Amino acid sequence: MSDPRTGVEPYAPELIEARWRQRWEERRTNAVDLRAAERPYFNLMMFPYPSAEGLHVGNVFAFVGSDIHGRFRRLQGWGVFEPIGFDAFGIHSENYALKVNTHPGKLIPANIARFREQLKRVGLMVDWDHELSTTDPRYYTWTQWIFLQLFKAGLAVKKKAPVNWCPECKTVLANEQVIDGFCERHPQVRVHQRLLEQWFFKITDYAERLLENLETLDWSESTRLMQTNWIGRSEGAELAFAMPTGDTIRVFTTRPDTVFGATYMVLAPEHPLVEKLTTREQQHAVREYRRQAAAQDIVTRRVGDREKTGVFTGSYARNPATGESIPVWIADYVLMEYGTGAIMAVPAHDERDYEFATTFDLPVRQVIQPNASAATSDPARGSSIPYTGWDGVMVNSGAFDGMPCADAAREITAWLARTGAGTATVQYRLHDWCISRQRYWGPPIPIIYCDACGTVPVPTADLPVLLPPIDDFRPDETGVSPLARHEEWYRVPCPACGAPARRETDVSDTFLDSSWYFLRYPSTEFDDRPFDAALTSRWLPVKCYIGGNEHAVLHLMYARFIIMVLHDLGHLGFAEPFTRFRAHGTIVKDGAKMSKSRGNVVVPDEYLAKWGADTFRMYLMFLGPYQEGGDFRDQGIAGQRRFLDKVWSLVRTAVRGTAGAEHGTAMRKLHQTIRGVTEDMEELRYNTAIAKLMEYVNVLRGRGDAAEDAAETDGGEGVPAELLHPLAIMLAPFAPHFAEECWERLGGRSSVFNAAWPAFDAGLAREEEIELVVQVNGKVRGRLKVSPGLSESEAVRRALADDGVRRFVNGEDVKQAIYVPDRLVNLVV
RNA sequence: GCCCGGGUGGCGGAAUGGGCAGACGCAAGGGACUUAAAAUCCCUGGGGGGCAACCCCGUGCGGGUUCGACUCCCGCCCCGGGCACCA
């Protein structure tokens, strides 16, 4: 069907997109030969959790941005591998399954099928032959294998740890699921703390390397900063405070310079020495305090603005610097999981210690005299106590009096070290990674407990430990995994001695599944190895990883850790998985966060059906800077469609052959566009890249500022195909189906994605005449048309000849002339 | 509280090794075509003043540096995100 007046058939996205989806599949356009491809480029997008709701517009935004990068690299001549998979284990899937009372093993395949169809509709350059799901035994065999590697290396250990427990949900909650001490799903139910045996990965052993390596990675700055803060490195000293009993309380401090001001000590309520230190008289009070602390959930305990509480143990320790006996207290503001679980309290130079000392009337001794400028820098406080800065000198500190704090920190540590009471150390905020889940929907942890042999790893040959398809997967109040109710499953002979033994009934954390999925993609065909050595060294590390910053800390940190361990164990030739990482932004709807309760959730299917994938992709990339996100407004989409319509009509009316002299303006604009778009594509500046393509199209249509003398292309003559080929290529990453169709109609062969990204020619981009801005005293008073490369003296002469300029110079002497070649001349009078 | 990111027309957003603020798009108003509408095409468009050429003001607020500041420095305010009794 064609327009009766112009005779041009209209742009019909549904037909075009269906046709090209089919051709891509038939011709295997998106598949790359993993063994032979030249310049291999692993383009990775964060695989989705296949929710029952289907693909979210946030997923589409993320994937399209990554896909555009992959397609751009392919056009630049790289062999691009762009796989996708599904992160389908985990509490999220399990909770949904419980809600609708259907087994997750049944739901997940259906969800994945739906996701797959939606993703195909978006037009990603995905090689579907390498699709994977973390719930597939062919996959989680190797997740279990990774656990065993860590276990054998001594990096997987079982220890007791406190967890959040909701009596209503009858399950353990993640810290993120506890809100101000209450369960997120039961706002009236207080969460309790329970002590459970858990498997931990010793990620803290890798803290220093995880931190150091960050500097070598080309990652989004925000992501790198979050990881840095999460690791939380602090330099300081570990000091020993001796007890009359012969015990020693070890403390970590970042301020060893203040040790002369330590007037009391505080232990965490759970500290192992508490029982021993507590005197008979204090026993009742201490026991009661510890009971209360234990009943609190972890999150409440950590809220910072609570009033200080605590009790005296009855015992005293010796300050190694002063030799004084100082009281030992317990208080919940000291956390067992940081440092040594004990502190020396210096109330004169620490806010928390000061507050505690004031509450319990403990002595405060100033040991730092702030320098004059520092002391008065906080007028709100009248007094310089507590002073926590570094800008001061020591007082009340024996031989160290008068020394600047920073020097004293070093000197005092060295002095205490000579008596064995101190060592310079480093502490990290990072905690070991608890991977146990008392849940059903995950890979069983491959461990067997035998009375005779102890903790025995499942032999690799026996993997996978299949997750049995039980019906009663709902967690109950016992706090043990649903698998623990299935004796027929967990009773097994010990692999070492054959005696009756018992399987571990916990499953592992979803983050373990996702910490290595990118290793699996190139090797999905193999059942006898997690990843093939040759393919892995060819394709990894990942060249570009794009994903949301919500995974900046956990997923990316865990993945780096696992890869580093596998490297150290000799399985991989690289220690960092992602050479380049870019965080994309989030999109909001009409200025507000999307949520079901607001009813403003953008459902991609509706937009894909109405506008087609190409228009929708273009709009998503145009609505804001990709790395910041933007505001999705329905009204804006039509603009992208109009743009494609304009390109379409240029293509349909194009004339064969090359551009002539009369197309000088268009040719110049083309090369300026090639330069600008190429730079933008490198930096993921998709919104401005699209804007530049629009400008070029405006010029081709004889419109816009740069068009001026380009009207020759207007008037039914048609634009030469030479000027449209590069446009089709530059548009291809954004609107792949559309670009294919244009390419074909312009006489292109095979796929536009087998073409080469256009080359920039500086000579063709050069302007013959430029506008020079003339300022007088910094204000624009005129403009000159000049040829590039004008000399300063000539520029000033021409500027002074301008009527408008002369009015403002007003006959006065020009004191100074600033000349920025080809940009402006500023006359100072 | 600490650490990031950000405040620019009616709206989304351009422009920061200091150098024409508002690219590109949306919405709007006016016009052409049409019996009419849609679509399409053309014109206008930060605020104020002037018949006009032009002039003044304008990038969250207050100072500063500079021939020149959205951009750099100092001090605030507001919004978004991360961490939070980390010793």
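Here is the naming used below: chain letters follow the sequence lines, and residue numbers restart at 1 for every chain. Bear in mind the structure is a predicted one, so any value in this text is a computation, not a measurement.
- Comparing B:C67, B:A23, B:C4 against the side chain of A:Q816 picks out B:C67 as the nearest.
- The listed nucleotides are B:A23, B:C20, B:C55; the one nearest the side chain of A:A691 is B:A23.
- Side-chain atoms of A:Y607 and A:T615, non-hydrogen and from C-beta on, never get closer than 4.5 Å to each other.
- B:G5: glycosidic angle beyond 90° from 0, hence anti.
- Among the nucleotides B:G25, B:A84, B:C3, the one closest to the side chain of A:R429 is B:A84.
- A sub-4.0 Å separation between OP1 or OP2 of B:G25 and a side-chain N or O of A:K692 is absent.
- Here, B:A39 and B:C33 have their C1' atoms 11 Å apart, quoted to the whole Å.
- Proximity note for A:N698 (side chain, C-beta onward) versus B:C20, B:G25, B:C11: the nearest is B:G25.
- A salt bridge links A:R633 to A:D631: at least one charged side-chain nitrogen sits closer than 4.0 Å to a carboxylate oxygen.
- For A:L335, the listed nucleotide lying nearest its side chain is B:A87; candidates were B:A87, B:G25, B:G19.
- If you take atom P in B:G60 and the same atom in B:A69, they sit 15 Å apart, rounded to whole Å.
- In this structure B:U40 sits in a base pair with B:A32, meeting the Watson-Crick or G-U test at under 3.5 Å.
- B:G9 sits 11 Å from B:G58 when the C1' atoms are compared, rounded to a whole Å.
- Here, B:U34 and B:U44 have their P atoms 24 Å apart, quoted to the whole Å.
- Rounded to whole Å, atom P of B:G5 lies 11 Å from atom CD of A:E628.
- Ion pairing between A:E221 and A:R224 holds under the 4.0 Å rule for side-chain N and carboxylate O.
- Look at A:T228 and you won't find any side-chain N or O under 4.0 angstrom from OP1 or OP2 of B:C3.
- A gap of 14 Å separates the P atoms of B:C70 and B:U16, to the nearest Å.
- Which of B:C41, B:C55, B:A87 sits closest to the side chain of A:R807 comes down to B:C55.
- Checked against B:G68, B:C4, B:A87, the side chain of A:T253 finds its nearest nucleotide in B:A87.
- Dashed line: the shortest gap from a side-chain N or O of A:R701 to OP1 or OP2 of B:C41 is under 4.0 Å.
- One can place CZ of A:F252 at 7 Å from P of B:A87, the figure rounded to the nearest angstrom.
- Within the structure, every side-chain polar atom (N or O) of A:R642 is placed at least 4.0 Å from both OP1 and OP2 of B:A39.
- Straight-line distance from the CZ atom of A:R781 to the C1' atom of B:G19: 16 Å, rounded to whole Å.
- Considering only side-chain N and O atoms, A:N687 lies nowhere under 4.0 angstrom from the phosphate OP1 or OP2 of B:G25.
- A donor-acceptor pair under 3.5 Å links the side-chain atoms of A:H349 to the main chain of A:Y387, judged by distance alone.
- Note on A:K779: every side-chain N or O is 4.0 Å or more away from OP1 and OP2 of B:C54.
- As rounded to whole Å, 6 Å separates atom P of B:A84 from atom CH2 of A:W230.
- When distances are taken from the side chain of A:L824 to each of B:G12, B:C24, B:G19, the shortest belongs to B:G19.
- For A:Q775, the listed nucleotide lying nearest its side chain is B:G19; candidates were B:C41, B:G19, B:C24.
- Here, B:C43 and B:A36 have their P atoms 23 Å apart, quoted to the whole Å.
- Using a 4.0 Å cut-off between a side-chain N of Lys or Arg and a carboxylate O of Asp or Glu, A:R783 and A:D802 do not qualify as a salt bridge.
- Rounded to whole angstrom, the span from the CD atom of A:E221 across to the P atom of B:C3 amounts to 16 Å.
- The side chain of A:N826 approaches B:G68 more closely than any other nucleotide in the set B:C20, B:C24, B:G68.
- Looking only at atom types and distance, the side chain of A:R560 has a donor-acceptor partner in the side chain of A:Q227 under 3.5 Å away.
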